[in-house]
Undergrad: 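Let me give you the structure first, and then I'll get to my questions.
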Amino acid sequence: MKVKDKVKITIDGKEVEVEKGTPLGKVFELAGIKDALGGKLGDRIIDLQTPIREGGQIKPIYRNDPESLEIMRHSLAHIMAQALKELYGTTKVHLGVGPTTEEGFYYDVEVEGHRITEEDLPKIEEKMREIIKRDYPILRKELEREEAIKLFEELKEKYKVEIIKDISPDDVISVYQQGDFIDLCRGPHLPSTGKAGAFKLTSISGAYWRGKADQPQLTRIYGMAFWTDKELRQRLRFYEEAKKRDHRKLGRELEFFLIDENVGAGLVLWLPRGSIYRKVLEDYWKEEHLKRGYQFVYTPHVGKSKLWEISGHLECYRPNMFPPMEMEGEEYYVKPMNCPFHIAIYKSKVRSYKELPIKLAELGTVYRYEMSGVLHGLMRVRGFTQDDAHIICTPEQVNDVIRETLDLALTVLKDFGFEDFKIYISTRPEDAIGSDEQWEVSEQALRKAVEDLGYSYEIDEGGGAFYGPKIDVKIKDAIGRLWQCSTIQFDFNLPERFDMTYVGPDNQKHRPYMIHRALLGSIERFTGILLEHYAGLLPVWLSPTQVRIVPIADRHVEYGRKVLKALEELGIRADIDERDERMNAKIREAELMKIPFVLVVGDREAEGGTVAVRSKKEGNLGTMSVEEFISFIKEKIERKE
RNA sequence: GCUGGCGUAGCUCAGUCGGCAGAGCGCGGGAUUUGUAAUCCCGUGGGCGCGGGUUCAAGUCCCGCCGCCAGCUCCA
C-alpha cells in the first residue's frame, strides 16, 4: 500500500494514521474512542459511517454535545419519511427536503391521493415509534450519479432526482438506508433507528418546493426532538408559556388595543388603557431625547410622488407602499418612512457646520403594505409609529454621534427592564454605493461605539444595506426570545439624492453624514414585546392604572374617595371600585387587570387614616398610612420598577 | 400573496345524520353591606364573518370574497 493513501487524523490531541476512506467509526475505534455518535470535521458534522478522505482535526461528538441532536433529528426526519411511506405507499409519497431545525426537524412531502392533516400526526407518530422499535441499522452508501438517478426515478422520487441533478460533480452522492427505506442524504445519521430520542410531531404547513412561489407546494410536517422526554416536555412548556404571554390575548384582556376587521387588517385601535400607557412611554421618550439635544418635528402623513421619486422609494420600495391617491392632477403617497420630510426640514435653510449635528426626532406614523399572511397582532402591522430620528453631522462628528446614539438606545431599553442585549454590526455588501472612505469611517465609528461602551458584538459581514452600514440591537425577553428593536443606520444615499449640504469652515459646501435611527423600533411592536416580556404585568410606572381602591362596604366609599384624591393630586393613576360587589370580587377583578397595587379600605383604615396594601407581585403587604404608601409607590415609579 | 386550518352573543366555547340557535362569564335590574382571587335572584343579548347557490328545510352541504391562526416569504 502506498503511503499517500494514508491520512493523518488528530483526535483529542491523539494522532492516528488510517487508510484513506476508512469510516469514522473505525477511526474512533483505533483511537480508543467509545460512545461517540459522530464527529466534527471543520464545520461539518459527520457520522460514524462517513469515510475519512482527508486528514485533519476531528472532534468526537457524544450524546451530551449539542451537535449530537442534529444527528438524531436528521435520523428522525428519515424515520418520519419511512413512516409516511409505510402508511401511504412507497411510490405515492414524494419526498422534498428534510432538514433539522433549532428544536427538531421537518420534512417537506407530497402525498399522492391523500391530504395530510393534523389528525394524521398521531398515526404517523405511532408508526415512527414502531420503526424505532424495529431498530433498523442505518446504512450509508455512495452511488454514482447515474445509479442514483435511476434508483430515485424507480422510487418515483421526482424531487430527489431534481436535487441529484443539481449536485456538483465533485461531490459524493450518498444515500442512507434503514430497512427497505432508502433516501438521498448527505447525513449525518445515527447508527440505527433504535437510538432516536424523544420526539413529537407538532404541526403541519405548506411550503414551496425550493422556497419559490412558482414551484409546487409541499406539505411540511414539523417535529420537535430531544434526547430525553424531560427536555421535550420542557420545550412544550415553553410554548405554553409563550401562549399565555401572547400579547394579542393580553391586549384584549387588559383593554390595550383592538384590531377591528371593519377598520382594516393590520390597523391598530388604541383603547383608553393602552393609550394612557402609550402617553407615559412617549413622554418618557421625549424627555430622554430633549436631554440629548434632539429637536422634535411633526410631518404630514402624505407627500407628493416627486418626493418619493427623489428618495428612490418608488423605485425600490413600491411593493411595500400603499397605492397613490390623486388630487389636483398630482399623485400623493401615504408615507412608508419619515426621512424625506426630515430632509426637507433640514434643507429649509442653509446649514453651517456650527449647528451640526442636527438631530430631528419624530414619533412618526408610517404605513406600509404588508402581505396579509404576515400580519400578527401588534408585532407586524400596516400602520405603525416609529420612534424615528435623523442625525445630520460632519465626518468629524461621526464617532461621538454614534456612541451617544447607541448609549441612548441601551439606556432606554434598560429603563424598560431589558438587561440582555445582542449587538450586530452589518458591513459593506457587494453592490454598495458611497466611497471607500465613507464606509471606512462609518464602520469604524460603529465598532468603536460598541467597544467604548464595553459591549461585545457580532459582525454580519456584507450584511449592511447598499446605502450604508448599521448597528442592530436585539433584546432578550423573560423567556429567552430575541427581539430586534434598535437600529442605527448610516445612509450615504439620501444626502446625495436630496443634495444635502452644509457650509464648512472653509466656506465651501460639504456633504453631511446622515444617520437614521430608531430605538424602540415601533411603538406598536415594542408594546407587543413589553406585554409578552412582562406577561401583562407592566412595571408600575407604565401601568395604565397604578392603584385601585377597594372599599369594603358602601360606608367606606367616602373615605376611599379621599384617598383617591390624595393619590390623583400627586399624579398617581388611581381609580376606585364603587360597585356593589363583595371585596373578593373587586380584588379578583383588579388581579385579572394586573393592577400593581390594590388598597383595601374598611372601618379600620377609615378610622386610622391608613390603607391595606395588596401588591400584585407580592400579595398582602399589610397596613400603611396614606403618606407611607404614597412615598412607597412614588419611589417605585421613579425607579421604574 | 401562497398552502392548510378556523370564523356561532361583548368574551370563552357547545350545537350529532341538514329539521324551532345554546351555556358560562359580561351587561341591566333587584336583594345583600361583606377583610384579601367570583354573593344570590331575575332579566338582557345572535342577518351563526359577508355574498351567492343546492334543498321542502342550511350554523351544518357547494362556490366566491373578507378576516383570524400556523407556516412559506418578508420585515419595524
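Keep in mind it's a predicted model, so treat the numbers as computed, not measured. Protein chains get the first letters and strands the later ones, always in sequence-line order, with residue 1 at the start of each.
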Undergrad: Parallel, tilted or perpendicular, judged at 30° and 60°: which one describes the rings of A:H289 and A:F296?
TA: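 It falls in the tilted class, 30° to 60°.
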Undergrad: For residues 248-257 of chain A, which side-chain donor-acceptor pairs fall under 3.5 Å, sequence neighbours excluded?
TA:
{"residue": "A:R248", "atom": "NE", "partner": "A:D246", "partner atom": "OD1", "Å": "3.0"}
{"residue": "A:R248", "atom": "NE", "partner": "A:D246", "partner atom": "OD2", "Å": "3.2"}
{"residue": "A:R248", "atom": "NH1", "partner": "A:H376", "partner atom": "ND1", "Å": "3.3"}
{"residue": "A:R248", "atom": "NH2", "partner": "A:D246", "partner atom": "OD2", "Å": "2.5"}

Undergrad: Just one of A:H342, A:H390, A:K470 clears the side-chain contact (heavy atoms from CB on, under 4.5 Å) bar with A:H516, so which one?
TA: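 It is A:H390, the one option of A:H342, A:H390, A:K470 that forms the side-chain contact (heavy atoms from CB on, under 4.5 Å) with A:H516.
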Undergrad: With a 3.5 Å cut-off and just heavy-atom distances, do the side chain of A:E591 and the base of B:rA38 make a donor-acceptor pair?
TA: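 Per atom types, no contact qualifies.
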Undergrad: Does the distance from a Lys or Arg side-chain N to an Asp or Glu carboxylate O, for A:E157 and A:K85, drop under 4.0 Å?
TA: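 A:K85 and A:E157: salt-bridged.
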Undergrad: What is the distance, to the nearest angstrom, from the CE atom on A:M379 to the P atom on B:rC69?
TA: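 The distance from CE of A:M379 to P of B:rC69 comes to 12 Å, rounded to the nearest Å.
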Undergrad: Rounded to the nearest angstrom, tell me the gap between atom NZ in A:K586 and atom P in B:rA37.
TA: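 Taking atom P of B:rA37 as the reference, NZ of A:K586 is at 15 Å.
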Undergrad: Contact class for A:E605 (heavy atom, under 4.0 Å): base, sugar-phosphate, or nothing?
TA: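 Here A:E605 touches the bases of the nucleic acid.
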Undergrad: Among A:Y107, A:Y106, A:F105, exactly one meets ring-ring contact (aromatic ring centres under 6.0 Å, His included) together with A:Y222. Which residue is that?
TA: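 For A:Y222, the ring-ring contact (aromatic ring centres under 6.0 Å, His included) check succeeds only for A:Y106.
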Undergrad: With the threshold set at 4.0 Å, does a side-chain nitrogen-carboxylate oxygen contact exist between A:E461 and A:R428?
TA: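 Salt bridge absent between A:E461 and A:R428.
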Undergrad: Between B:rG7 and B:rG15, how many Å separate the two P atoms, rounded to a whole number?
TA: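 Comparing P positions in B:rG7 and B:rG15 gives a spacing of 11 Å.
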Undergrad: To the nearest angstrom, how far is A:K249 atom NZ from B:rG10 atom P?
TA: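 About 20 Å, once rounded to whole Å.
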Undergrad: Between P on B:rC68 and CD on A:E261, what's the gap in Å once rounded to a whole number?
TA: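 It is 7 Å, rounded to the nearest whole Å.
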Undergrad: Run the salt-bridge test on A:R517 and A:D388 with the 4.0 Å N-O cut-off and return the result as yes or no.
TA: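 Result for this pair is no, no salt bridge flagged.
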Undergrad: By the 4.0 Å heavy-atom rule, please label A:H556 as base, sugar-phosphate, or nothing.
TA: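 Nothing, no nucleic acid heavy atom in range.
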Undergrad: With a 4.0 Å cut-off on heavy atoms, is A:N320 in touch with a base, just the backbone sugar-phosphate, or nothing at all?
TA: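 No contact.
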Undergrad: Identify whether any heavy atom of A:F526 sits under 4.0 Å from a base atom; if not, whether one sits that close to sugar-phosphate; answer base, sugar-phosphate or nothing.
TA: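 The residue A:F526 makes no contact with any strand.
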Undergrad: Remember a base hit wins even if backbone is also touched, and classify A:A590 as base, sugar-phosphate or nothing at under 4.0 Å, heavy atoms.
TA: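 Counting heavy atoms under 4.0 Å across all strands, no contact is made by A:A590.
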Undergrad: Enumerate the protein-to-nucleotides 11-13 of chain B contacts in which both atoms are nitrogen or oxygen and the separation is below 3.5 Å.
TA:
{"residue": "B:rU12", "atom": "OP1", "partner": "A:R252", "partner atom": "NH2", "Å": "3.0"}

Undergrad: How far does the P atom of B:rA70 sit from the matching atom of B:rC13, given to the nearest Å?
TA: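 Straight-line distance between the two P atoms is 14 Å.
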Undergrad: With nearest nucleotide decided by heavy atoms, which residue, A:R604 or A:Q484, maps closer to the 5′ end of RNA chain B?
TA: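 Closer to the 5' end of RNA chain B: A:R604.
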Undergrad: What is the distance, to the nearest angstrom, from the OH atom on A:Y222 to the P atom on B:rA70?
TA: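 After rounding, the reported distance stands at 12 Å.
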Undergrad: Could you work out the separation of B:rU34 and B:rU16 based on their P atoms and round it to a whole Å?
TA: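 Those two atoms are separated by 49 Å.
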Undergrad: When you measure from the side chain of A:V374, which nucleotide among B:rU33, B:rG71, B:rC74 comes out closest?
TA: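 In terms of side-chain proximity for A:V374, the closest of B:rU33, B:rG71, B:rC74 is B:rC74.
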Undergrad: Can you tell me, in whole Å, how much space there is between the C1' of B:rC20 and that of B:rG28?
TA: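 Comparing C1' positions in B:rC20 and B:rG28 gives a spacing of 28 Å.
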Undergrad: Touch check for A:V366, heavy atoms < 4.0 angstrom, all strands: base, sugar-phosphate only, or nothing?
TA: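 Counting heavy atoms under 4.0 Å across all strands, no contact is made by A:V366.
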Undergrad: Need one value for A:Y369: base, sugar-phosphate or nothing, where a base atom within 4.0 Å counts as base even if backbone is also close, heavy atoms only.
TA: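 Contact class for A:Y369: sugar-phosphate only.
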Undergrad: Among A:K244, A:R481, A:R245, A:K243, find the residue that satisfies the salt bridge (Lys or Arg N to Asp or Glu O under 4.0 Å) test when tested with A:E532.
TA: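 Of A:K244, A:R481, A:R245, A:K243, salt bridge (Lys or Arg N to Asp or Glu O under 4.0 Å) with A:E532 is met by A:R481 alone.
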Undergrad: Could you measure between the two P atoms, the one in B:rG29 and the one in B:rG71, and give it in whole Å?
TA: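 Approximately 45 Å lies between the P atom of B:rG29 and that of B:rG71.
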Undergrad: In whole angstroms, how far is the C1' atom of B:rG67 from the CG atom of A:L258?
TA: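 Whole-Å distance recorded here is 13 Å.
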Undergrad: Just to confirm, is there a sub-4.0 Å distance from OP1 or OP2 of B:rC75 to any side-chain nitrogen or oxygen of A:R525?
TA: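 Indeed not, no polar side-chain atom of A:R525 lies that close.
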Undergrad: Reckon A:R220 touches a base, only the sugar-phosphate, or nothing at all at heavy-atom distances under 4.0 Å?
TA: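 Answer is sugar-phosphate: A:R220 comes under 4.0 Å of backbone atoms only.
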Undergrad: Taking only the C1' atom of each, what is the distance from B:rC69 to B:rG49 in whole angstrom?
TA: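 Straight-line distance between the two C1' atoms is 15 Å.
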Undergrad: Return the 5'-most residue of the pair A:R380, A:G377 with respect to RNA chain B, ranking by each residue's nearest nucleotide.
TA: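 Here A:G377 is the residue nearer the 5' end.
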Undergrad: Describe the nucleic acid contact of A:E253 in one word from base, sugar-phosphate, nothing, applying a heavy-atom distance below 4.0 Å.
TA: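 Since no nucleic acid heavy atom lies under 4.0 Å of A:E253, the category is nothing.
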Undergrad: Please find out if less than 6.0 Å separates the ring center of A:F341 from that of A:W308.
TA: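 A:F341 vs A:W308: aromatic centres under 6.0 Å.
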Undergrad: Taking the basic N atoms (NZ, or NE/NH1/NH2) and the acidic carboxylate oxygens, is any pair closer than 4.0 Å for A:D472 and A:K474?
TA: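 Judged by the 4.0 Å cut-off on N to carboxylate O distance, A:D472 and A:K474 do not form a salt bridge.
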Undergrad: I'd like the P distance from B:rU3 over to B:rC65, given in whole Å.
TA: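 Here B:rC65 and B:rU3 have their P atoms 10 Å from each other.
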Undergrad: Categorize A:R248 for me: base, sugar-phosphate, or nothing, with a 4.0 angstrom heavy-atom threshold over every strand shown.
TA: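 If one applies the 4.0 Å heavy-atom cut-off, A:R248 turns out to touch the sugar-phosphate alone, with no base involved.
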Undergrad: Hey, would you say the A:Y367 and A:F384 ring centroids sit under 6.0 Å apart?
TA: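 No, ring centres 6.0 Å or more apart.
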Undergrad: State plainly whether the residues A:E419 and A:K414 are in salt-bridge range, i.e. N to O under 4.0 Å.
TA: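 Between A:K414 and A:E419 there is no salt bridge, as every charged N stays at least 4.0 Å from the carboxylate O atoms.
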Undergrad: For B:rG22 and B:rU44, measure between their C1' atoms and round to the nearest Å.
TA: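 That atom pair is separated by 15 Å.
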Undergrad: Below 4.5 Å, heavy atoms only, C-beta onward: do A:V626 and A:I630 meet side chain to side chain?
TA: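 With C-beta onward as the side chain, the pair touches.
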Undergrad: Do A:D554 and B:rU33 share a donor-acceptor pair, side chain to base, under 3.5 Å?
TA: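 Such a pair exists between side chain and base.
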Undergrad: If only side-chain N and O atoms of A:Y367 are considered, is one of them under 4.0 Å from the OP1 or OP2 phosphate oxygen of B:rA76?
TA: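 For B:rA76, OP1/OP2 do not have a side-chain N/O of A:Y367 under 4.0 Å.
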Undergrad: So if I take every side-chain heavy atom of A:R614 and compare against B:rC72, B:rA37, B:rC68, which nucleotide ends up nearest?
TA: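 The nucleotide sitting nearest to the side chain is B:rA37.
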Undergrad: Checking side-chain contact (heavy atoms from CB on, under 4.5 Å) between A:M514 and each of A:N493, A:I391, A:I392, which is the one that passes?
TA: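 Of A:N493, A:I391, A:I392, side-chain contact (heavy atoms from CB on, under 4.5 Å) with A:M514 is met by A:I392 alone.
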Undergrad: So, under a plain 3.5 Å distance rule, would you say the side chain of A:E370 forms a donor-acceptor pair with the base of B:rG1?
TA: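 For A:E370, whose side chain was compared with the base of B:rG1, there is no donor-acceptor pair (under 3.5 Å).
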Undergrad: Determine if A:F384 stacks with B:rA76; use a centre-to-centre distance below 5.5 Å and an interplanar angle below 30° as the criteria.
TA: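 Stacking is present between B:rA76 and A:F384, given that their ring centres fall under 5.5 Å apart and the planes under 30°.
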Undergrad: In whole angstrom, give the distance that lies between atom CE of A:M371 and atom C1' of B:rC68.
TA: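 Between C1' of B:rC68 and CE of A:M371: 17 Å.
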Undergrad: Classify the nucleic acid contact of A:A518 as base, sugar-phosphate or nothing, counting any heavy atom under 4.0 Å across all strands shown.
TA: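 The residue A:A518 makes no contact with any strand.
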Undergrad: Syn or anti for B:rG47, given that syn means the glycosidic angle lies within 90° of 0?
TA: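 Base orientation: syn.
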Undergrad: Has the side chain of A:R382 got a donor or acceptor atom sitting under 3.5 Å from an opposite partner on the base of B:rA76?
TA: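 No pair found.
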Undergrad: Checking one value: the base orientation of B:rC17, syn if chi is within 90 degrees of 0, otherwise anti.
TA: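 The base of B:rC17 is oriented syn (glycosidic angle within 90° of 0).
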Undergrad: Counting Watson-Crick and G-U wobble pairs whose two distances are both under 3.5 Å, find the runs of 3 or more in a row that involve RNA chain B.
TA: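 Listed by first number, the stems are B:1-7 with B:66-72, B:10-13 with B:22-25, B:26-31 with B:39-44, B:49-53 with B:61-65.
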Undergrad: Identify whether any heavy atom of A:L520 sits under 4.0 Å from a base atom; if not, whether one sits that close to sugar-phosphate; answer base, sugar-phosphate or nothing.
TA: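 Nothing: the residue A:L520, judged by heavy atoms under 4.0 Å, touches no strand.
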Undergrad: Is any N or O donor-acceptor pair between the side chain of A:R588 and the base of B:rA38 shorter than 3.5 Å?
TA: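 By the distance-only test, yes, there is a pair.
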Undergrad: Heavy atoms under 4.0 Å, any strand shown: does A:K616 hit a base, just sugar-phosphate, or nothing?
TA: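 Contact class for A:K616: base.
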